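Values in this document were obtained by computation on a predicted structure and should not be read as measured data. Proteins come first, then strands; the chains are lettered A, B, ... in the order of their sequence lines, and each starts at number 1. What's counted below: heavy atoms across the whole structure, side chains too, no hydrogens, waters or symmetry copies.
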There are 2 protein chains.
Amino acid sequence: MPGQGAVYTERLLAHGIQPTQQRLRIAEVLLASAQHLTAEQLLASLRQRGARVSKATLYNNLKLFAERGLIRELLLDGSRSWFDSNVQPHYHFQDLETGALTDVGVAEVAFEHLPSPPPGMEVAGIDLVIRLRPSRR
Amino acid sequence: MPGQGAVYTERLLAHGIQPTQQRLRIAEVLLASAQHLTAEQLLASLRQRGARVSKATLYNNLKLFAERGLIRELLLDGSRSWFDSNVQPHYHFQDLETGALTDVGVAEVAFEHLPSPPPGMEVAGIDLVIRLRPSRR
DNA sequence: TTCCTTGCAAAACTTTTGCATTAAA
DNA sequence: TTTAATGCAAAAGTTTTGCAAGGAA
C-alpha cells in the first residue's frame, strides 16, 4: 500500500508536472476535496499547516496546474480568481453576499438551444453562474 | 425639437441621477450605442474627445450608473469590469483571445431545466458566457 | 554543471478612498 | 450658503515579474 503522499506525486506526474516540495504541499490542500479557494485562502491554509510556500510560487504553480488541467481557474468575480479542484464540466451557484461557490452538475442543467458561434470561431467552454441572494420572504 | 444633449439629461434624471457635466460626458460616450467598455477604454474615449473627467469620478459614476440601473456591470474577467450599456436581460459571447464581448439575446438561449436554488435563497440572476476561440480548421 | 524551482521584494494593474477644491441647487 | 460632485494623489487588493539563491538531475 502506497503512502498517502504518493497519490499526489502520481497525479502531478500524470499531468507532466515535476512534484517538488511546494507543489506537493499545494496539491495536498487544494486537491484534498472538491472545493473552491482563492489564492489568499489557499495561502492561509498552507501557512496554517506549516507549509512554507511563497506567494509568487503559489501563483506560478496555480497557473501551471490550471494550464495542465489539474485544476480549473474560475474568473467570475471582479477582482480575484477562484481555483476549483473539480475539473469535470460543471456550473456554479454563487452567493452574492459571501462570494461562496457551490457546484451545479451538468445533469442539473439542460439547454434546449444555444446560439451558433460566429464564423471562424468555436465554443471553447460555457460558463454558467447562477447568482443567489437570500429569499425575500 | 430638443437638442441632442437633452436626451442624456433626461435619462440621467429618469434614473434619479443629477446630470452634471462629467456625468453627461460619460453618458454620451457609453450610452451612444449598445456596447461593452472597460473603465480604461472609456477613459481613453473621453480624453480623446476632449472631455475632462478624472479616473476617480469615472469609477464613482460608473458604480452609480450601475446601481441606478442605467448600465450593467459585468464581472466575467479575472481583473477588470466591463460596463454594458445594454440593460436588457441578455448573455454574452467572449473572444478568449481579445476579451471582446458580443451580446447573445435571451431568445437565442433556452433552458430545458435549471436547478432549484438552495433553501432560503433565490435566483438573483443568471450569467451565461460562451467562451470562443478560433476554429481549428 | 546545467536546468528548473523558489523566495523576496518590487512592479503592475484595476479600483477605491481621503480630502481639499469647485460646481450646483 | 449649503450640499453634492470633482480631481488628485495615495492606498488597497490581487497578480505578475526580475533576479539572486537554492535544489534536483
Side-chain angles (χ1 to χ4, degrees), chain A residues 5 8-9 12-13 15-30 36-47 50-68 70-84 98-99 101, chain B residues 5 8-9 12-13 15-30 36-47 50-68 70-84 98-99 101:
Chain A
Y8 295 113
T9 300
L12 291 180
L13 287 172
H15 288 261
I17 300 171
Q18 280 302 325
T20 65
Q21 298 245 323
Q22 286 78 355
R23 287 171 182 168
L24 284 168
R25 295 298 87 69
I26 295 169
E28 282 162 17
V29 174
L30 183 52
H36 313 91
L37 294 175
T38 63
E40 216 54 45
Q41 290 171 339
L42 187 42
L43 193 60
S45 286
L46 286 164
R47 300 255 154 103
R52 258 190 287 90
V53 179
S54 73
K55 196 182 274 199
T57 296
L58 176 61
Y59 275 102
N60 286 340
N61 285 314
L62 286 172
K63 206 167 153 183
L64 178 68
F65 285 13
E67 265 171 18
R68 301 294 168 85
L70 193 60
I71 62 174
R72 184 170 149 200
E73 181 176 5
L74 303 177
L75 306 170
L76 34 80
D77 234 48
S79 45
R80 63 225 161 137
S81 289
W82 292 88
F83 296 93
D84 191 341
T98 65
L101 300 174
Chain B
Y8 295 112
T9 302
L12 292 180
L13 287 172
H15 287 261
I17 300 170
Q18 280 301 324
T20 65
Q21 298 244 320
Q22 285 78 356
R23 286 172 183 166
L24 284 168
R25 296 297 87 70
I26 296 169
E28 283 163 17
V29 174
L30 184 52
H36 314 91
L37 295 175
T38 63
E40 216 54 45
Q41 290 172 337
L42 187 41
L43 195 59
S45 287
L46 286 165
R47 300 256 155 102
R52 260 190 285 91
V53 179
S54 72
K55 196 181 274 198
T57 296
L58 175 61
Y59 275 103
N60 286 340
N61 285 314
L62 286 172
K63 206 169 156 183
L64 178 67
F65 285 12
E67 264 172 19
R68 301 294 168 86
L70 193 61
I71 62 173
R72 187 171 149 200
E73 181 176 5
L74 304 176
L75 306 170
L76 32 82
D77 232 50
S79 46
R80 62 224 161 137
S81 290
W82 293 87
F83 296 94
D84 191 341
T98 65
L101 300 174

* Asked: Closest nucleotide of DNA chain C for A:L64 versus for B:A39: which of these residues is on the 5' side?
  -> A:L64
* Is any side-chain heavy atom of A:Y8 closer than 4.5 Å to a side-chain heavy atom of A:R23? -> no
* To do: Identify which nucleotide among D:dG7, D:dT15, C:dT6 has an atom closest to any side-chain atom of A:T57, counting heavy atoms from C-beta outward.
  => C:dT6
* To do: To the nearest Å, give me how far apart CG (B:L58) and P (D:dT6) are.
  => 11 Å
* Rounded distance in Å - CG (A:L43) to P (C:dT6) -> 14 Å
* Asked: Considering only C:dT5, D:dT15, C:dT17, which nucleotide approaches the side chain of B:N60 most closely?
  -> C:dT17
* Return no unless some side-chain N or O of A:Q22 is found under 4.0 Å from OP1 or OP2 of C:dG7. => yes
* **Sugar-phosphate, base or nothing in reach of B:Q21, heavy atoms under 4.0 Å** => sugar-phosphate
* Asked: With respect to the side chain of B:A56, which nucleotide from C:dC8, D:dG7, C:dT15 is positioned closest?
  -> D:dG7
* Structure fact -> Atom CZ of A:R23 and atom C1' of D:dG23 are separated, to the nearest Å, by 12 Å
* How many angstroms lie between atom CG of B:L43 and atom OH of B:Y59, to the nearest 0.5 angstrom? -> 8.0 Å
* Rounded to the Å, how far apart are A:E40 CD and D:dA12 C1'? -> 12 Å
* Structure fact -> B:L74 CG to C:dT14 P, in whole Å, measures 17 Å
* Which nucleotide sits closest to the side chain of A:K55: D:dC8, D:dT15, D:dA5? -> D:dT15
* Asked: Do A:L62 and A:L42 have side chains that get closer than 4.5 Å, going by heavy atoms?
  -> yes
* Structure fact -> Ranking C:dG7, D:dA5, C:dT14 by distance to the side chain of A:V53, first place goes to C:dG7
* Are any non-hydrogen side-chain atoms of A:K63 and A:N60 less than 4.5 angstrom apart? -> no
* Could you check whether B:S81 gets within reach of a base, just the sugar-phosphate, or nothing at all, counting any heavy atom under 4.0 Å? => sugar-phosphate
* **B:R80, nearest nucleotide to its side chain (from C:dT14, D:dT14, C:dT5)** => C:dT14
* Using atom CD of A:E67 as one end and atom P of D:dT16 as the other, report the distance to the nearest whole Å. => 11 Å
* Between A:R52 and C:dG7, does any side-chain N or O lie under 4.0 Å from OP1 or OP2? -> no
* Interatomic distance, B:R25 CZ vs D:dG7 P [rounded to whole Å] -> 12 Å
* Indicate yes or no for a side-chain donor-acceptor contact from A:H15 to the backbone of A:R68 under 3.5 Å, with no hydrogens or angles considered. => yes
* **B:Y59 side-chain proximity, nearest of D:dG7, C:dT16, C:dT5** => C:dT16
* Asked: What nucleotide among C:dT5, D:dT16, C:dT15 has an atom nearest to a side-chain atom of A:K63?
  -> D:dT16
* Hey, does A:T20 reach any base, or is it just sugar-phosphate, or nothing, if we go heavy atoms under 4.0 Å? -> sugar-phosphate
* What is the distance, rounded to the nearest whole Å, between atom CG of A:L62 and atom C1' of D:dT16? -> 13 Å
* **Heavy-atom donor-acceptor pair, B:R72 side chain to B:W82 backbone, under 3.5 Å** => no
